[in-house]
Protein chains: 2
Amino acid sequence: MSTFQDNFINILKTNGLSITRQRQLLFDLLQDQDPLSMNELTELVGTTIDRASVYRIIATFEETGIVRRISIGWKFKIELSEAFVAHHHHLTCLSCQLVVPINQEKLESFISELADINNFQPIQHQVEIQGYCQRCQANRNIA
Amino acid sequence: MSTFQDNFINILKTNGLSITRQRQLLFDLLQDQDPLSMNELTELVGTTIDRASVYRIIATFEETGIVRRISIGWKFKIELSEAFVAHHHHLTCLSCQLVVPINQEKLESFISELADINNFQPIQHQVEIQGYCQRCQANRNIA
DNA sequence: TTAATAATTGCAATTACGTCGCATTTATCT
DNA sequence: AGATAAATGCGACGTAATTGCAATTATTAA
């Protein structure tokens with residue numbers, strides 16, 4: 001059934017890592033939600049996982065390619081990697097923090113082109129846009 | 001002569017801020033170098049400027065539009081604002097840290113388009129590409 | 001199913017990063 | 001040059017992130 005879950009277990013096993021209650025819980029949280037900051041993660045797990053462990057687990061998740069770090073403005077958040085969710089970027093509302101994923105083939109090819117022009121071999125890239133969503137634009141006009 | 005220097009002084013005066021040794025030194029550093037992290041800045045100035053002052057000065061530089069924060073990967077760095085250098089993005093070499101500015105009108109209009117499609121009013125955006133520069137690509141083939 | 005062993009976690013302590021209040025110093029204005 | 005206002009340095013503080021180590025938990029093989 002749950003390809004996500006199988007995939008998760010496989011990655012852990014492949015890397016010789018145990019499936020622990022803590023790792024499973026963090027994975028579940030990331031599966032259900034928009035990108036989360038370390039703060040949001042530690043608050044969501046409350047006292048069920050020690051803060052130090054949250055940091056260590058997210059670090060191994062990064063190393064094994066389960067999650068990736070994305071920068072929203074100049075802070076960063078954690079989200080499931082391309083092993084689970086297709087490559088994409090984000091639009092973030094400066095007012096209500098709404099996050100909308102962007103998935104545009106034209107953008108991707110344009111990025112590669114830019115690297116080529118500068119004789120760079122592109123490995124990764126980030127595109128983040130901040131602005132106001134439709135709802136918040138309306139609210140701002142009222143206020 | 002130095003338009004940069006004049007512009008800097010003007011912005012400070014316009015905002016009723018003094019021209020101090022510390023502010024001048026930080027501005028000079030940012031003028032000479034690629035984007036710098038807060039850490040790099042505090043290390044470059046060593047004991048000549050207190051850490052608290054570096055933070056305060058960069059904060060007022062941001063407020064008055066002398067510098068802006070950019071995200072390189074998921075960290076951030078400081079660079080001169082558009083009052084000194086045209087709006088641009090960066091290509092960063094993962095091996096030698098070379099930073100190459102990108103300035104592409106097509107990219108800018110593409111970004112606005114993406115926001116529009118999603119009914120967002122775009123305010124700001126970041127585009128960062130990491131890869132290997134020509135020289136480092138060559139070195140990697142040898143090794 | 002259980003014992004052995006290897007990995008992981010929680011806890012406490014520590015470091016790093018950024019901020020704040022206040023006394024002293026420095027720049028500006030006349 | 002002196003008065004005044006602003007900025008800096010210093011020390012203390014709060015929060016974020018990291019580390020070492022003992023206790024716990026997962027895995028492996030009998």
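Residue numbers start from 1 in every chain, and the chains themselves are labelled A, B, ... in the order their sequence lines are given, proteins ahead of strands. What you are looking at is a predicted structure, and each value in this text was computed from that prediction instead of being measured. Computation of the quantities below employed the complete heavy-atom set of this structure, encompassing side-chain atoms and omitting hydrogens, waters and symmetry-equivalent molecules.
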Close approaches to DNA chain D from residues 61-73 of chain A, in residue order (heavy atom, under 4.0 Å): none
Run the salt bridge (Lys or Arg N to Asp or Glu O under 4.0 Å) test on B/E79 and B/R68 for me, step by step, so that the C-alpha distance in whole Å, both residues' side-chain angles and the decisive distance to 0.1 Å come before the verdict. CA-CA 6 Å; B/E79 70 173 11; B/R68 65 175 186 135; 2.8 Å; yes
Considering residues at least two apart in sequence or located in another chain, which fulfil the ring-ring contact (aromatic ring centres under 6.0 Å, His included) criterion with B/F84? B/F4, B/F27
Think A/N39 has a side-chain N or O under 4.0 angstrom from the OP1 or OP2 of D/dA16? yes
Let me know the distance between CD1 of B/I57 and P of C/dT19, rounded to the nearest Å. 14 Å
Readout for nucleotides 18-29 of chain D: B = base within 4.0 Å of protein heavy atom, S = sugar-phosphate only, - = neither; 5' to 3' it is BBB-----SS--
Take the protein atom CH2 of A/W74 and the nucleotide atom C1' of D/dA16, then report the distance between them rounded to whole Å. 14 Å
Can you establish whether the number of heavy atoms outside B/Q124 located under 6.0 Å from its atom CD is more than 12? yes
A/L12 CG to C/dA7 C1': how many Å, rounded? 13 Å
Nearest whole angstrom, please: distance from the P of C/dG18 to the NZ of A/K75. 12 Å
How is B/S37 classified with respect to the nucleic acid when contacts are heavy atoms under 4.0 Å: base, sugar-phosphate, or nothing? nothing
Examine B/L80 and B/L12 and state if one hydrophobic cluster contains both, with Ile, Leu, Val, Met, Phe, Trp and Tyr joined whenever side-chain heavy atoms are less than 4.5 Å apart. yes
Using salt bridge (Lys or Arg N to Asp or Glu O under 4.0 Å), reason through B/E40 and B/K77 one step at a time and then give a plain yes or no. CA-CA 9 Å; B/E40 288 166 337; B/K77 297 198 171 192; 3.6 Å; yes
Please tell me whether A/Q5 and A/Q31 have a donor and an acceptor in their side chains that are separated by less than 3.5 angstrom. no
Under a side-chain separation threshold of 4.5 Å, the hydrophobic residues clustered together with B/I72 are B/I70
For residues 96-108 of chain A, which side-chain N or O atoms pair as donor and acceptor with protein atoms under 3.5 Å away, sequence neighbours left out?
residue: A/N103; atom: ND2; partner: A/H87; partner atom: O; Å: 3.3
residue: A/E108; atom: OE1; partner: A/H87; partner atom: NE2; Å: 3.0
residue: A/E108; atom: OE1; partner: A/H125; partner atom: NE2; Å: 2.9
residue: A/E108; atom: OE2; partner: A/H87; partner atom: NE2; Å: 3.4
residue: A/E108; atom: OE2; partner: A/H89; partner atom: NE2; Å: 3.2

Mind calculating the distance between CG (B/L26) and C1' (D/dA7) to the nearest angstrom? 13 Å
So what does A/T42 touch, heavy atoms closer than 4.0 Å: a base, only the sugar-phosphate, or nothing? nothing
B/Q134 CD: over 12 foreign heavy atoms closer than 6.0 Å: no
Atom pair distance, as rounded to whole Å: CD1 in A/I58 and C1' in D/dA16: 15 Å
Angle separating the five-pair end axes of the helix from C/dT1-D/dA30 to C/dT30-D/dA1, nearest 10°, is 40°
What is the distance from CD of B/E43 to P of C/dC17, rounded to the nearest Å? 9 Å
Between A/W74 and A/V127, is there a shared hydrophobic cluster once you connect ILVMFWY residues whose side-chain heavy atoms come closer than 4.5 Å? no
Distance, rounded to the nearest Å, where B/Q24 contributes CD and D/dT8 contributes P: 12 Å
In short, A/T60 meets A/I57 closest at the heavy-atom pair OG1-O, 2.9 Å
